[in-house]
Amino acid sequence: MPIITFRSTTTKDKRAYATTGDTGTILAVARANDVKIPFECQEGECGSCLIRVEYVEGKPRMAIALTEREKTKLKELGKITEEQIADAEVNDIAPPYRLACQFIAREEEVIIHYEHCPAEA
């Protein structure tokens, strides 16, 4: 079962559990648990839901494949390198930055760092 801790500098940590095999994104898990990650398009095009993913030490690092939109936006934002893309695609090594609307947690424990959005988008 994916265990997700949402962390922002302005709010208290919130832990959530995602259903194994569920295809809901980190953004969907956040919204279901009243975690206010900023977002706009929900399509991987605007980059407003940028998150930093920290993997809990001793736990497996996995990643659902990066979408083409996510790769493009992360490159535009300077948050991913070609080497990190290759590692994700070939070696299943997750990059440190993702888009919450595109990232689907697998069987892992992660800490999601985000900027708090005071108003529901």
Side-chain angles (χ1 to χ4, degrees):
M1 169 184 318
I3 302 170
I4 303 157
T5 301
F6 293 97
R7 180 170 291 164
S8 171
T9 57
T10 58
T11 61
K12 185 178 173 185
D13 285 4
K14 185 162 193 172
R15 182 171 267 195
Y17 301 91
T19 304
T20 301
D22 186 2
T23 58
T25 64
I26 290 294
L27 182 58
V29 173
R31 293 185 77 199
N33 287 277
D34 199 32
V35 174
K36 301 204 178 345
I37 292 178
F39 69 93
E40 289 179 26
C41 74
Q42 299 183 64
E43 299 294 328
E45 294 179 353
C46 72
S48 64
C49 64
L50 180 70
I51 56 174
R52 184 171 60 83
V53 182
E54 177 185 343
Y55 288 81
V56 174
E57 192 172 325
K59 303 290 183 177
R61 291 182 62 161
M62 295 181 266
I64 290 294
L66 294 155
T67 65
E68 289 303 316
R69 288 178 181 172
E70 187 175 22
K71 286 188 268 189
T72 299
K73 184 47 70 177
L74 290 174
K75 281 195 256 182
E76 284 177 15
L77 295 171
K79 297 295 185 181
I80 197 167
T81 65
E82 291 296 332
E83 182 180 343
Q84 289 170 323
I85 291 171
D87 273 347
E89 293 176 343
V90 176
N91 301 317
D92 203 27
I93 298 173
Y97 288 94
R98 298 294 304 260
L99 298 179
C101 71
Q102 302 294 297
F103 179 42
I104 298 170
R106 292 191 337 197
E107 196 64 33
E108 58 205 339
E109 186 171 347
V110 294
I111 300 169
I112 302 296
H113 297 268
Y114 69 99
E115 294 299 321
H116 181 260
C117 179
E120 180 66 25

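If you read the sequence from its start, that first residue is 1, and numbering goes on from there.
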Exercise for review: Decide, yes or no, whether a salt bridge links Asp34 with Lys36 under the criterion of side-chain N to carboxylate O below 4.0 Å.
Suggested key: yes

Check your understanding: Quick one: does Lys14's side chain have a donor or acceptor within less than 3.5 Å of a partner on Asn33's backbone?
Key -> yes

Review point. Short question: side chain of Thr5, backbone of Arg15 - any donor-acceptor pair under 3.5 Å?
Key: no

Check your understanding: Do Leu66 and Arg98 come within less than 4.5 Å of each other through their side chains, counting heavy atoms only?
Key -> yes

Review point. Stepwise, does the side-chain contact (heavy atoms from CB on, under 4.5 Å) test hold for Ile4 with Ile111?
Key: CA-CA 6 Å; Ile4 303 157; Ile111 300 169; over 6 Å; no

Study note, to complete from the structure: Smallest heavy-atom separation, Cys101 atom then Gly44 atom, equals SG-N, 3.3 Å

Exercise for review: Check whether any side-chain N or O of Gln102 sits under 3.5 Å from a backbone N or O of Leu99 as a donor-acceptor pair, and report yes or no.
Suggested key: no

Check your understanding: Within a strict 4.5 Å, meaning less than it, do heavy atoms of the Thr9 and Tyr114 side chains meet?
Key -> no

Revision key, fill the gap. To the nearest 0.5 Å, atom CD1 of Ile85 lies from atom CD1 of Ile93 at 14.0 Å

Exercise for review: Compare all side-chain heavy atoms of Ile26 with those of Ile51 and state whether any distance is below 4.5 angstrom.
Suggested key: yes

Check your understanding: Is any side-chain heavy atom of Phe103 closer than 4.5 Å to a side-chain heavy atom of Leu27?
Key -> no

**Study point:** Candidate pair Val29 and Tyr17, rule side-chain contact (heavy atoms from CB on, under 4.5 Å), full reasoning
**Key:** CA-CA 8 Å; Val29 173; Tyr17 301 91; over 6 Å; no

Check your understanding: Distance from Ser48 atom OG to Glu40 atom CD, nearest 0.5 Å?
Key -> 4.5 Å

Point to revise | From CZ (Arg7) to CZ (Arg52), nearest 0.5 Å | key: 9.0 Å

Point to revise | Phe39 and Arg31, any side-chain heavy atoms less than 4.5 Å apart | key: yes

Point to revise | Donor-acceptor contact below 3.5 Å, side chain Lys73 vs main chain Glu45 | key: yes

**Study point:** Nearest heavy atoms of Tyr97 and Leu74, plus distance in Å
**Key:** O-CD1, 3.5 Å

Point to revise | Atom pair SG (Cys49) and CD (Glu70), whose distance is rounded to the nearest 0.5 Å | key: 8.0 Å

Check your understanding: Can you tell me how far CD of Glu89 sits from NZ of Lys71, rounded to the nearest 0.5 angstrom?
Key -> 3.5 Å

**Study point:** Spacing of CZ belonging to Phe6 relative to CD1 belonging to Ile37, to within rounding of 0.5 Å
**Key:** 5.0 Å

